[in-house]
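Taking it in order: structure first as structure tokens, then the write-up.
The figures here come from the full heavy-atom set of this structure, side chains too, leaving out hydrogens, waters and symmetry mates. Along the sequence shown, the residues carry numbers beginning at 1.
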Amino acid sequence: LGMFSELKFPVPWGHVAAKAWGPSDGHPVLCLHGWLDNANTFDKLIPLLPRDCYYVAMDFSGHGLSSHRPAGSPYHFLDYVTDVRRVAAALQWRRFTLMGHSMGGAVAGMFCFLYPEMVDKLILLENLGFLLDPEDTEAWLKSKRMVIDRLLSLEAKQQTPKARSPEAALQRLLEANRHLTAEGGAILLQRGATETPTG
């Protein structure tokens with residue numbers, strides 16, 4: 001397990017980098033690092049762990065070799081949870097172990113709350129996990145999971161924008177916004193659309 005391979009997972013703003021140890025058909029373990037750390041956090045630990053597992057240590061966005069989010073974008077725990085969901089989907093992992101250190105433990109705990117069916121074990125290193133007020137738990141979980149699932153669904157369906165004639169673009173805008181007049185729609189399209197050679 002001293003040898004590792006580098007991985008890259010595409011995301012809308014670039015990629016999430018990771019390093020992996022062990023047999024790719026082994027039991028999947030996703031390793032999440034702490035604040036101001038990166039995937040190298042696990043370099044000394046992984047060789048001491050069972051050899052029949054496939055360990056993937058990801059660099060959170062803006063850490064290690066992962067792309068930074070666009071300038072001015074915040075880095076929230078829920079965004080990191082979404083990145084974990086993206087990596088699990090890219091690896092095609094339906095159920096796996098999560099191991100988190102410090103901030104990574106808080107992200108792992110939040111992921112477990114949102115997607116308990118995907119996690120078989122949770123390992124926390126120097127972390128208490130993720131805590132919620134019992135009165136708010138159900139509503140919070142439902143709303144946050146819905147946000148993540150919708151975002152990933154939209155990303156999966158993302159296509160190259162269609163080019164339309166200015167008239168067709170106006171017609172499409174008016175169909176989607178029945179309260180608009182043709183004049184109002186034309187005014188909005190002046191700043192809401194970009195003309196290209198194809199439309």
Side-chain angles (χ1 to χ4, degrees), residues 1-70 73 75-130 141 144-145 147-149 151-156 158:
L1 285 177
M3 297 294 293
F4 66 89
S5 58
E6 292 285 349
L7 305 173
K8 276 188 179 180
F9 306 101
V11 293
W13 59 92
H15 68 272
V16 169
K19 48 194 305 190
W21 296 262
S24 60
D25 61 345
H27 179 79
V29 179
L30 188 59
C31 306
L32 308 178
H33 64 77
W35 187 53
L36 299 180
D37 292 340
N38 58 54
N40 281 0
T41 292
F42 298 98
D43 280 4
K44 296 290 187 180
L45 176 62
I46 299 296
L48 304 175
L49 299 178
R51 297 185 175 275
D52 59 342
C53 294
Y54 183 51
Y55 301 96
V56 175
M58 61 183 276
D59 288 324
F60 284 124
S61 296
H63 296 75
L65 301 179
S66 287
S67 301
H68 289 262
R69 294 186 186 279
S73 297
Y75 288 80
H76 293 296
F77 280 152
L78 195 60
D79 297 321
Y80 292 136
V81 172
T82 306
D83 290 348
V84 170
R85 187 71 178 84
R86 284 183 177 101
V87 169
L91 290 166
Q92 298 180 340
W93 287 358
R94 292 175 185 257
R95 195 158 170 80
F96 55 95
T97 296
L98 264 176
M99 178 166 51
H101 168 250
S102 189
M103 179 189 81
V107 172
M110 189 183 292
F111 187 91
C112 287
F113 270 115
L114 291 168
Y115 298 97
E117 73 280 5
M118 294 183 73
V119 180
D120 62 1
K121 293 181 184 109
L122 173 63
I123 302 166
L124 299 177
L125 309 170
E126 297 181 330
N127 187 276
L128 296 175
F130 180 72
L141 293 175
K144 299 309 180 213
R145 183 168 172 151
V147 166
I148 292 172
D149 291 347
L151 174 64
L152 297 182
S153 175
L154 286 172
E155 287 176 7
Q158 205 165 29

Check against side chain to side chain contact (heavy atoms under 4.5 Å, CB included), Trp93 and Met118: CA-CA 8 Å; Trp93 287 358; Met118 294 183 73; 5.9 Å; no
Whether Asn127 side chain and His101 backbone form a donor-acceptor pair below 3.5 Å: no
Gln92 atom CD, neighbour heavy-atom count above 12 within 6.0 Å: no
Heavy-atom donor-acceptor pair, Tyr75 side chain to Arg69 backbone, under 3.5 Å: yes
N/O donor-acceptor pair under 3.5 Å between Asp59 side chain and Ala39 backbone: yes
Expected output: side-chain Asp83 to main-chain Phe60 donor-acceptor under 3.5 Å: no
Residue pair Leu98, Cys112: steps toward the side chain to side chain contact (heavy atoms under 4.5 Å, CB included) verdict: CA-CA 9 Å; Leu98 264 176; Cys112 287; 4.2 Å; yes
Pair Phe42 and His33, ring centroids less than 6.0 Å apart: no
Trp35, CH2 atom: more than 12 neighbouring heavy atoms under 6.0 Å: no
Donor-acceptor contact below 3.5 Å, side chain Arg95 vs main chain Glu117: yes
Salt bridge (charged side-chain N to carboxylate O under 4.0 Å, His left out) partners of Asp43, counting only residues at least two apart: Lys19
Test item: His63 side-chain N/O and Met58 main-chain N/O as donor-acceptor pair under 3.5 Å: no
